[in-house]
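Quick notes on the structure that follows.
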Protein chains: 2
Amino acid sequence: MRGYDKYAHEPFAVTVDLAVLTVRAGALHVLLVERGQEPYAGRWALPGGFLLPDESAETAARRELAEETGLDALPGLRLEQLRTYSEPGRDPRMRVVSVAFTALLADPPEPRGGGDAAQARWLPCTAAGTLAFDHDRILADARERVRALLENTGAATAFCPPEFTLGELRQVYETVWDTPLDAANFRRKALAVPGFVAPVPGAARLTQGRGKPAALYRAGPATALHPPLLRPPREGRTP
Amino acid sequence: MRGYDKYAHEPFAVTVDLAVLTVRAGALHVLLVERGQEPYAGRWALPGGFLLPDESAETAARRELAEETGLDALPGLRLEQLRTYSEPGRDPRMRVVSVAFTALLADPPEPRGGGDAAQARWLPCTAAGTLAFDHDRILADARERVRALLENTGAATAFCPPEFTLGELRQVYETVWDTPLDAANFRRKALAVPGFVAPVPGAARLTQGRGKPAALYRAGPATALHPPLLRPPREGRTP
DNA sequence: CGATTAATGGTCTTCTTGACCATAAAGGGT
DNA sequence: ACCCTTTATGGTCAAGAAGACCATTAATCG
């Protein structure tokens, strides 16, 4: 149909859901809340909430993120619109259309519990188990999206502190892709992408435990990676 | 906020908008309708409409597409969810959240005019001019999405008839990317991607005008292209 | 028939990638 | 203090991929 006027338009509730990810202890973690009310009381779910009347979905997502993590608008926070989920019946109470977002954080604080939720916590994605609503699906889509983002954009730096070593950046890739990478080759490729990372000029160095101190880098201005950092192909060719 | 119950949820109108693209006469065309009613009466717009109470956005998009083009569910029709647009004020009448989709068609029929719209037509993207609402933005996003789809997925075959020559496939890439490609190198790369295209066994051939007859291919089973077909980098390196 | 056009197959050179090796520079343990 | 482990960094080498071209084939157009 071409116009907005011919058919009566049903009202829908519109929400945002957030897959907020971070890399912690070599594993991808997601911010989850334990629902305090029916339906799905006691189950873990992605944080989210209703759009306010004058908000865009992006604005609502940033507001929800600030509320959940206690962080106010982080400068340069990457917030990716993931997908919109609109299947009838995805919320047993009413018709809800939800716009899902992915956010990538480095060194986030522990979320403040309370509010509607019984608690809020960072949990490893592998331990997420069965989430409320269709949030398992959303989380799976978010993980796949992030894997692709690391290939084609500089998003990996969002998982790192403002200054980071190439070893830390490589660990982000290894964690998200779940693949070991050759340190020397990764360095060569990362440095070959214009605008991906920029060395911190003041010969700065940092020791993170054992081993030789590493040079520090900052995120570069590039949003798209040319050439992309392709993840190694999985086994199973077509010979 | 963590629950769906604490705050009153405002009702929103939810629509789908469709950027239906096809390659015709060496140019990317988009299906547009001329609005018959205010606002934006007389202006071209993307086809779209309201979700029905029991429809998912995908279902609504397919229904709208069938209504606009007169085509019933095409087998294997590619329908990509593009993005959701939710800025307040994007529709002057009321708060509308719109889920945008991209569809790729080969040899589509002329759309039937009528309905709410004054007329419906295929127009070259370059001649789209200024569309109603925020549809210029949606169309621009759709074009960029399709450019990326050709790199990483087998979506280009959706612009081709069921059996096609590699020359036709290459013209799709050249049109969408707006870049000339070397015929021999394109062939080598396309055939090297497992599952991208499969030769039609019966030594079938087809002549499309002048030149040597070309072998026919069908779309292969691959959804993701490994390795991807990267578009040639634009000028402007960092030497 | 000869010119033109498009498909297809090959070559050649350059670049990229992955696998590895070597060295440097720190910490830990004895 | 000394050796071992760990991580960073630089370099090599061979295999593969990509872009630039050339040659041949097989149609249509004039």
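Every chain is numbered from 1, with letters handed out A, B, ... down the list of sequences. All values below were derived from every heavy atom in this structure, side-chain atoms included, with hydrogens, water molecules and symmetry-related copies excluded.
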* To do: For A:E174, enumerate each residue passing the salt bridge (Lys or Arg N to Asp or Glu O under 4.0 Å) test, keeping only those at least two apart in sequence or located in another chain.
  => A:R170
* Asked: With sequence neighbours excluded, what pairs up with B:D134 under the side chain to side chain donor-acceptor pair (under 3.5 Å) test?
  -> B:R90
* **Residue met sooner reading DNA chain D from 5', once A:R187 and B:P232 are mapped to nucleotides** => A:R187
Throw together a table of side-chain donor-acceptor distances under 3.5 angstrom for residues 217-225 of chain B, partners on residues two or more places apart or in other chains.
| from | atom 1 | to | atom 2 | distance (Å) |
| --- | --- | --- | --- | --- |
| B:R218 | NE | B:E163 | OE2 | 3.3 |
| B:R218 | NH2 | B:E163 | OE2 | 2.7 |

* Asked: Given atom OH of A:Y173 and atom P of C:dG18, what is their separation to the nearest angstrom?
  -> 14 Å
* Name the closest nucleotide to the B:T165 side chain, picking from D:dT28, C:dA7, D:dT9. => C:dA7
* Please determine if a side-chain N or O atom of B:R170 lies less than 4.0 Å away from the OP1 or OP2 oxygen of C:dA7. => yes
* Asked: In whole angstroms, how far is the C1' atom of D:dC21 from the CZ atom of B:F186?
  -> 19 Å
Quiz: residues 100-107 of chain B side-chain donor-acceptor pairs under 3.5 angstrom, not counting sequence neighbours:
none

* To do: Would you mind reporting whether B:Y85 and B:D141 have side-chain heavy atoms less than 4.5 Å apart?
  => yes
* **Residues in salt bridge (Lys or Arg N to Asp or Glu O under 4.0 Å) contact with B:R188, at least two apart in sequence or another chain** => none
* Taking the side chain of B:R210 as heavy atoms from C-beta outward, which of C:dT8, C:dA26, D:dT28 is closest to it? -> D:dT28
I'd like a table of atom pairs between the protein and nucleotides 22-24 of chain D - only N or O on both sides, under 3.5 Å - with the distance next to each one.
none

* To do: Using atom CG of A:L191 as one end and atom P of D:dA8 as the other, report the distance to the nearest whole Å.
  => 13 Å
* Asked: Given atom CG of A:L169 and atom P of D:dA8, what is their separation to the nearest angstrom?
  -> 11 Å
* Asked: In whole angstroms, how far is the P atom of C:dC15 from the CG atom of B:L230?
  -> 18 Å
* Asked: Tell me: CG of B:L181 to P of C:dA7, nearest whole Å?
  -> 13 Å
* Structure fact -> Taken to the nearest whole Å, NE2/A:H226 to P/C:dT16 is 15 Å
* Please identify each residue that fulfils salt bridge (Lys or Arg N to Asp or Glu O under 4.0 Å) with B:R83, with sequence neighbours left out. => A:E58
* **Among C:dT8, D:dA20, C:dC20, the one nearest A:N185 by side-chain distance** => C:dC20
* Mind checking side-chain contact (heavy atoms from CB on, under 4.5 Å) for B:C125 and listing every partner two or more places apart, or none if nothing turns up? => B:L21, B:L28, B:V30, B:L139, B:R143
* Before accepting this row, confirm whether a basic side-chain N of the pair A:E151/A:R231 lies closer than 4.0 Å to the acidic partner's carboxylate O. => yes
Please list, for nucleotides 13-18 of chain D, all pairs of protein and nucleotide N/O atoms separated by less than 3.5 Å.
| from | atom 1 | to | atom 2 | distance (Å) |
| --- | --- | --- | --- | --- |
| D:dA18 | N7 | B:R188 | NH1 | 3.0 |

